[in-house]
Amino acid sequence: MAATAGHNNLNAKLVLLGDMGAGKSSLVLRFVKGQFLEFQESTIGAAFFSQTLAVNDATVKFEIWDTAGQERYHSLAPMYYRGAAAAIIVYDITNADSFTRAKKWVQELQKQGNPNMVVALAGNKADLEDKRKVTAEEARVYAEENGLFFMETSAKTAANVNDVFYEIAKRLPRAQPAQKPAGMVLVDRPAEGSRAASCCS
Amino acid sequence: MYGTKSKIDLAFEYQTQAAILRPSIHSRRANLTVKFQDLYGFTVEGNVDDVNVLNEVREKVRQQGRVWWALEASKGANWYLHTTIGQGSALTSSLKFSALANAITLKKLIRKGIPPVLRPKVWFSLSGAAKKKSTVPESYYDDLTKAVEGKVTPATRQIDHDLPRTFPGHPWLDTPEGHAALRRVLVAYSFRDSDVGYCQGLNYVAALLLLVMKTEEDAFWMLAVLLENVLVNDCYTNNLSGCHVEQRVFKDLLAKKCQRIATHLEALEFDVSLVTTEWFLCLFSKSLPSETTLRVWDVIFYEGAKVIFNVALAIFKMKEDELLVTHHVGEIINVLQITTHQLFDPDDLLTVAFDKIGSMTTNTISKQRKKQEPEVMKELDQRIRRLNSLKMEGK
């Protein structure tokens with residue numbers, strides 16, 4: 001089962017996928033510890049974190065698997081996304097190849113993953129506007145076509161980081177996942193500006 | 001975070017004062033987390049007990065050094081280089097006997113640890129790196145690094161990306177000089193074996209090899225012998241098939257040697273590969289304190305890759321009681337992470353690894369690998385086909 005519910009308490013397995021250096025670990029570090037490191041140790045295999053969020057009437061405890069980005073580690077990925085309730089697919093807005101990789105991950109999850117999985121597409125490094133290679137519009141259209149919700153984030157400035165997790169928490173099916181598929185509502189939100197999500201640690 | 005500075009100051013204070021603290025004060029302060037440098041310059045976090053353990057380890061390292069020097073004095077310099085049995089039929093039986101006796105002494109001695117000053121020399125000879133180097137012209141490494149200078153490949157781009165992300169903050173590795181040395185070793189190797197090219201994880205392994213071996217060239221040859229002779233084939237290539245094989249072999253061993261743990265974790269639907277994959281790919285360098293990692297490597301380079309299984313099993317075995325009362329994935333990972341990060345005394349780990357796990361020979365492991373290989377290959381192949389069919393649909 002993907003997300004297990006108690007009385008208003010949910011445990012949800014979440015996996016981060018995406019190209020090497022897109023900023024997966026940085027997003028997690030920002031969300032879990034509120035920190036940012038310019039040079040984050042490269043992840044081997046995967047790293048585990050947990051963080052709890054209060055959403056409306058419920059608390060969601062995320063069990064986060066932050067995976068290694070190098071292509072050859074791809075063969076390990078099923079172990080991490082198996083049974084996941086949610087996924088964040090991360091690309092780097094300054095790197096077009098990383099967007100291509102992100103699309104491949106979307107395809108793979110659609111085919112192999114849990115059909116009710118809440119999938120977010122995160123265009124990270126949104127602070128590097130002058131080096132942008134992937135437009136927000138292009139990504140938004142792609143996300144819409146594929147039933148993902150999309151946000152541009154910056155682990156460095158914290159913009160939208162908590163929001164991605166908060167949105168996922170809101171969209172997680174509250175009852176048995178098989179009976180209530182996740183919503184496919186597209187969130188259209190400007191890239192700039194960070195809004196504080198109601199995040200408790 | 002506020003208060004960090006004062007914690008660092010405390011660390012220095014404790015390093016000098018810890019030995020004379022009264023037990024009552026000691027135990028009260030043991031809950032404080034302090035930052036301190038370990039034997040190889042890594043900043044680690046721990047409590048006062050950990051600082052004390054590390055000081056004891058430093059003392060044990062010195063004692064072990066004296067043992068090695070005494071043996072040099074009685075058996076002759078470099079005696080350990082002549083322990084290989086069966087070389088040359090001209091050896092008299094008495095010489096063979098002394099070689100055998102030396103081999104037994106050496107095995108025990110290495111399990112107790114090679115003193116850091118002797119590590120470069122002993123590793124280089126006993127691992128087979130010296131022999132490997134001797135088969136090519138003297139200038140091989142220099143020629144190779146010069147020939148590949150300025151070349152850009154996917155591997156070099158990934159290496160460049162990882163340089164500042166390899167043990168960031170280390171006083172030597174995280175300097176322009178350290179980055180340049182690590183880069184040359186990794187780039188040179190990526191050209192030596194294009195099937196491996198560069199695999200994330202090797203950055204940590206090569207970085208530690210540099211710290212130990214001191215020279216780039218020796219670190220390069222250690223990396224070569226490790227990947228080409230010590231570890232299972234294809235551990236780092238293409239789809240990491242060798243690593244997949246090792247994970248399956250490990251799961252079987254865990255079920256056999258630590259049955260209760262394996263049953264409990266399986267009931268919680270916890271796949272041990274979630275944590276052990278990193279151990280196997282980085283050879284514990286990202287999980288264990290540096291001296292503990294290098295003590296494991298001491299034995300790997302002499303006895304082979306089976307040692308990785310001994311050590312990984314030992315980490316689970318040491319925490320059997322705690323693991324058996326976990327209810328949740330997060331708890332299991334916490335137990336294992338805290339355990340590995342705090343294993344400052346290598347003997348705590350190695351005693352369990354070699355005395356409590358039961359013997360495993362390289363032969364047993366090889367047989368297990370052969371058994372698992374077809375299944376792994378089948379699975380990886382199926383996966384690739386599924387993904388390819390996905391691409392076709394997408395067109």
Side-chain angles (χ1 to χ4, degrees), chain A residues 1 4 11 13 15 19-23 25-26 33-35 37-52 61-84 92 95 97-98 103-112 146, chain B residues 1 154 157-158 160-169 174 196-205 236-241 243-244 247 269 271 273-282 285-287 328-334 336-337 376 379-380 383-384 386-387 389-391 393-394:
Chain A
M1 201 194 313
T4 45
N11 280 328
K13 179 176 173 182
V15 63
D19 204 2
M20 179 177 169
S25 303
S26 294
K33 294 188 179 165
Q35 294 173 347
L37 300 170
E38 195 65 47
F39 296 110
Q40 171 80 32
E41 273 203 19
S42 45
T43 309
I44 308 303
F48 177 85
F49 300 86
S50 69
Q51 177 71 303
T52 306
K61 187 178 179 196
F62 281 118
E63 291 158 5
I64 303 166
W65 284 103
D66 169 27
T67 64
Q70 199 183 18
E71 187 133 18
R72 64 189 79 186
Y73 281 85
H74 203 131
S75 63
L76 296 169
M79 175 163 79
Y80 300 107
Y81 66 63
R82 193 175 297 137
D92 167 0
N95 179 341
D97 288 345
S98 74
K103 289 178 181 173
K104 283 187 189 161
W105 280 119
V106 172
Q107 275 191 319
E108 180 167 345
L109 287 187
Q110 284 170 344
K111 188 91 173 180
Q112 314 282 342
N146 287 276
Chain B
M1 201 166 58
R157 274 195 292 268
Q158 293 175 340
D160 285 331
H161 187 86
D162 272 350
L163 292 174
R165 310 202 300 159
T166 308
F167 299 125
D174 198 4
V196 172
Y198 171 66
C199 179
Q200 287 193 304
L202 292 179
N203 52 329
Y204 297 103
V205 174
Y236 299 96
T237 54
N238 195 8
N239 47 23
L240 312 177
S241 61
C243 180
H244 284 275
Q247 294 310 310
E269 294 182 353
D271 182 343
S273 311
L274 292 167
V275 286
T276 53
T277 304
E278 186 206 87
W279 296 353
F280 277 77
L281 285 171
C282 300
S285 60
K286 259 174 85 77
S287 345
H328 214 263
V329 175
E331 286 174 69
I332 302 166
I333 291 168
N334 261 340
L336 294 172
Q337 262 176 6
V376 167
E379 264 186 25
L380 288 172
R383 194 180 133 71
I384 288 167
R386 271 200 308 265
L387 291 176
S389 72
L390 247 165
K391 268 182 215 156
E393 280 171 29

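Here the structure is a predicted model, which is why all the values come from computation and not from measurement. Chain A is the first sequence line, chain B the second, and so forth, proteins listed ahead of strands; every chain is numbered from 1.
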**Student:** Side chain, backbone, both or neither: which part of B/Asn238 has an atom under 4.5 Å from a heavy atom of chain A?
**Tutor:** backbone
**Student:** Examine whether an atom of B/Ser273 lies under 4.5 Å from a heavy atom of chain A, and if so say whether it belongs to the side chain, the backbone or both; otherwise answer neither.
**Tutor:** both
**Student:** With a 3.5 Å distance limit and no angle check, can you tell me whether A/Arg72 reaches the backbone of B/Tyr198 through a side-chain donor-acceptor pair?
**Tutor:** yes
**Student:** Under the criterion side-chain contact (heavy atoms from CB on, under 4.5 Å), which of B/Leu336, B/Asn334, B/Ile333 is the partner of A/Phe48?
**Tutor:** B/Ile333
**Student:** Strictly distance-based, threshold 3.5 Å: is any side-chain N or O of A/Tyr73 a donor or acceptor partner for the main-chain N or O of B/Gln200?
**Tutor:** yes
**Student:** Nearest heavy-atom pair of B/Arg383 and A/Pro78: which atoms, and what distance?
**Tutor:** NH1-CG, 3.2 Å
**Student:** Do B/Arg386 and A/Gln112 have a side chain donor and acceptor closer than 3.5 Å?
**Tutor:** yes
**Student:** Return the option, out of B/Pro168, B/Ser241, B/Cys199, with the maximum number of heavy-atom pairs under 4.5 Å with chain A.
**Tutor:** B/Cys199
**Student:** Say you draw a straight line from CD1 of A/Ile44 to CG of B/Leu202; how long is it, rounded to the nearest 0.5 Å?
**Tutor:** 8.5 Å
**Student:** Examine distances only and state if a side-chain atom of B/Tyr204 and a backbone atom of A/Ser42 form a donor-acceptor pair shorter than 3.5 Å.
**Tutor:** yes
**Student:** Report which part of B/Thr237 has an atom under 4.5 Å of a heavy atom belonging to chain A: side chain, backbone, both, or neither.
**Tutor:** backbone
**Student:** I'd like to know if A/Arg82 and B/Glu269 make a salt bridge, using a cut-off of under 4.0 Å between side-chain N and carboxylate O.
**Tutor:** no
**Student:** Using non-hydrogen atoms only, which part of B/Cys243 is less than 4.5 Å away from chain A: side chain, backbone, both, or neither?
**Tutor:** neither
